[in-house]
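So the structure is just underneath, and the comments pick up after that.
Chain identifiers are assigned alphabetically (A, B, ...) following the order of the sequence lines, protein sequences preceding nucleic acid strands; residue numbering begins at 1 within each chain.
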Number of protein chains: 2
Amino acid sequence: MTKRTYSISELSEEFGITPRTLRYYEDEALIAPKREGQARIYSTSDRARLIWILRGKRVGFSITDIREVLNMHYGEGGKEEQCRVTITACKNRIKNLEQQKKDIDETLEELSSLVDTMTIFMAENYPADNSL
Amino acid sequence: MTKRTYSISELSEEFGITPRTLRYYEDEALIAPKREGQARIYSTSDRARLIWILRGKRVGFSITDIREVLNMHYGEGGKEEQCRVTITACKNRIKNLEQQKKDIDETLEELSSLVDTMTIFMAENYPADNSL
DNA sequence: GTTGACCTTTACGTAAAGGTCAACTATGAA
DNA sequence: TTCATAGTTGACCTTTACGTAAAGGTCAAC
C-alpha cells in the first residue's frame, strides 16, 4: 500500500506551485488533506487530485469547473436525476474540449506557417545563419 | 474586392460578444477600426483579426499574448534580431499548444470513461431508460 | 534559550477581462 | 419638432486566482 504522505512544501515544490496555491485550493474545497496538529498532510490520493486540478487548469478549466468534475468522480452515484445531470455536464465539457482541439490545430497551422515565412525571409536577407 | 464593412453591433452580434468587448479590444490595441465621424467602421480585415482574437481566447491566450501574435503577423519583418525573437516566441507557443493538446486528450479520456461508468450504472439501477 | 526552518491563520492587494451605468451625440423617420 | 435608434466616452464595479505581508505556533539543533 502506498502510505506515502507529503508536506505542503514537498507537494508545492514537486509541481512548481506555491503553498499559498495549495491552501487556496483547500479553501475552494478542491482538496482536503488530513491534519497533524495544524499542519496539512497530503496523501497519494490528494496528490492525484492535485494532478487533475493542474491539468484542468492547463486546459482552461476554472476552479469551479474543476470542483464540479472532481465531485462527479466521487459524487453520489445515487440519485437518478443527479446522475443524468452529471452525464450531461460531462458531455458538454467533452464537446467544448473537442472544439478547443480544433482551435488549437488551426492556431498551430497559422503559427507554423508564420514561422516558415519568417525563416525563409531570414534565409534570404540574413544568410549568415547559424541554424539554431 | 470585399469592401464590406461592419458596424460595432453587427460584429458583436455575429460573434456573440458585446460592443463593450470590441471597444475594450480597441483600447488594448488589438483592433483599430476606421472611423466615420465618431462611429467605428470595421473592415473585413478587422473582422479577420477579431476571428483570430476570439480563437486565441478559446485556446487560452491572454489579451497580451494575442496582441503579440497579431503584431508578429504585421510586425516589421525588418530587423534581424526582431525576427529571431519572433520565431522563438512562435516556437514556444507551438510547444505549449502541443502540450495542451495532450492535456486535452487525457482529460477527454477520463471524462469519457466517467460517462461510460455512469451510463452503465444508470442502465443497471434505473433501467427505464428513454435513451436520450 | 535562541536561531532557523517550516508551518499556521487572517486579511488586504492585484491584474485581467470585461459588465454596467450615466450622460452625450448624431441621424433618420413620423 | 420630437422621438427612436445606434453610437460614443468615461467612470466605477465585479470575478477569478492567487500574491503578499503581518503575526505567530512548533520543533530540532546548536
Check the distance between [N]'s [atom2] and [X]'s [atom1] and give it to me in whole angstrom.
{"X": "A:Ile17", "N": "D:dA17", "atom1": "CD1", "atom2": "C1'", "result": "12 Å"}
{"X": "B:Lys57", "N": "D:dT16", "atom1": "NZ", "atom2": "P", "result": "14 Å"}
{"X": "A:Tyr24", "N": "C:dT10", "atom1": "OH", "atom2": "P", "result": "17 Å"}

Inset, instruction - Give the intermediate values and the outcome of side-chain contact (heavy atoms from CB on, under 4.5 Å) for residues A:Thr107 and B:Trp52. - result: CA-CA 9 Å; A:Thr107 308; B:Trp52 228 109; 3.8 Å; yes
Do [X] and [Y] have side chains that get closer than 4.5 Å, going by heavy atoms?
{"X": "B:Leu50", "Y": "B:Leu22", "answer": "yes"}
{"X": "B:Arg4", "Y": "B:Glu10", "answer": "yes"}
{"X": "B:Leu114", "Y": "B:Met118", "answer": "yes"}

Inset, instruction - Enumerate the residue pairs fulfilling salt bridge (charged side-chain N to carboxylate O under 4.0 Å, His left out) with a member in residues 12-21 of chain A, sequence neighbours excluded, ordered by first and then second residue. - result: A:Glu14-A:Arg47
Legend entry - Protein-to-nucleotide contact annotation, 5' to 3' order, nucleotides 5-13 of chain D [B base; S sugar-phosphate only; - none; under 4.0 Å, heavy atom]: -SSBB----
Inset, instruction - Evaluate the criterion side-chain contact (heavy atoms from CB on, under 4.5 Å) for residue pair B:Arg93 and B:Asp65; output intermediate values, then yes/no. - result: CA-CA 9 Å; B:Arg93 288 195 187 296; B:Asp65 293 336; 3.4 Å; yes
Sequence neighbours left out, cut at 3.5 Å: what donor-acceptor pairs do the side chains of residues 30-42 of chain B make with other protein atoms?
{"residue": "B:Arg35", "atom": "NH1", "partner": "B:Gln38", "partner atom": "O", "Å": "2.6"}
{"residue": "B:Arg35", "atom": "NH2", "partner": "B:Glu26", "partner atom": "OE2", "Å": "3.2"}
{"residue": "B:Arg40", "atom": "NE", "partner": "B:Glu26", "partner atom": "OE1", "Å": "2.5"}

Inset, instruction - Please test B:Thr64 against B:Arg67 for side-chain contact (heavy atoms from CB on, under 4.5 Å), starting from the C-alpha separation and ending with a verdict. - result: CA-CA 5 Å; B:Thr64 312; B:Arg67 179 170 41 227; 3.8 Å; yes
Legend entry - Those residues of residues 59-69 of chain A lying under 4.0 Å from DNA chain D by at least one heavy atom: A:Ser62, A:Ile63
Legend entry - Pairing annotation in dot-bracket form, given for DNA chain D with Watson-Crick or G-U pairs under 3.5 Å and | for cross-strand partners: ||||||||||||||||||||||||||||||
Inset, instruction - Establish, with yes or no, whether the OP1 or OP2 oxygen of C:dA17 is under 4.0 angstrom from a side-chain nitrogen or oxygen of B:Tyr25. - result: no
Legend entry - Under 4.0 angstrom between B:Thr21 side-chain N/O and C:dA17 OP1 or OP2: no
Legend entry - side-chain contact (heavy atoms from CB on, under 4.5 Å) assessment of B:Val115 paired with A:Thr86: CA-CA 8 Å; B:Val115 168; A:Thr86 301; over 6 Å; no
Inset, instruction - Would you name the heavy atoms of A:Lys101 and B:Asp105 that are closest together and state the gap between them? - result: NZ-OD1, 2.7 Å
Inset, instruction - Go through the structure and list residues passing side chain to side chain contact (heavy atoms under 4.5 Å, CB included) with A:Ser112, not counting sequence neighbours. - result: B:Ile94
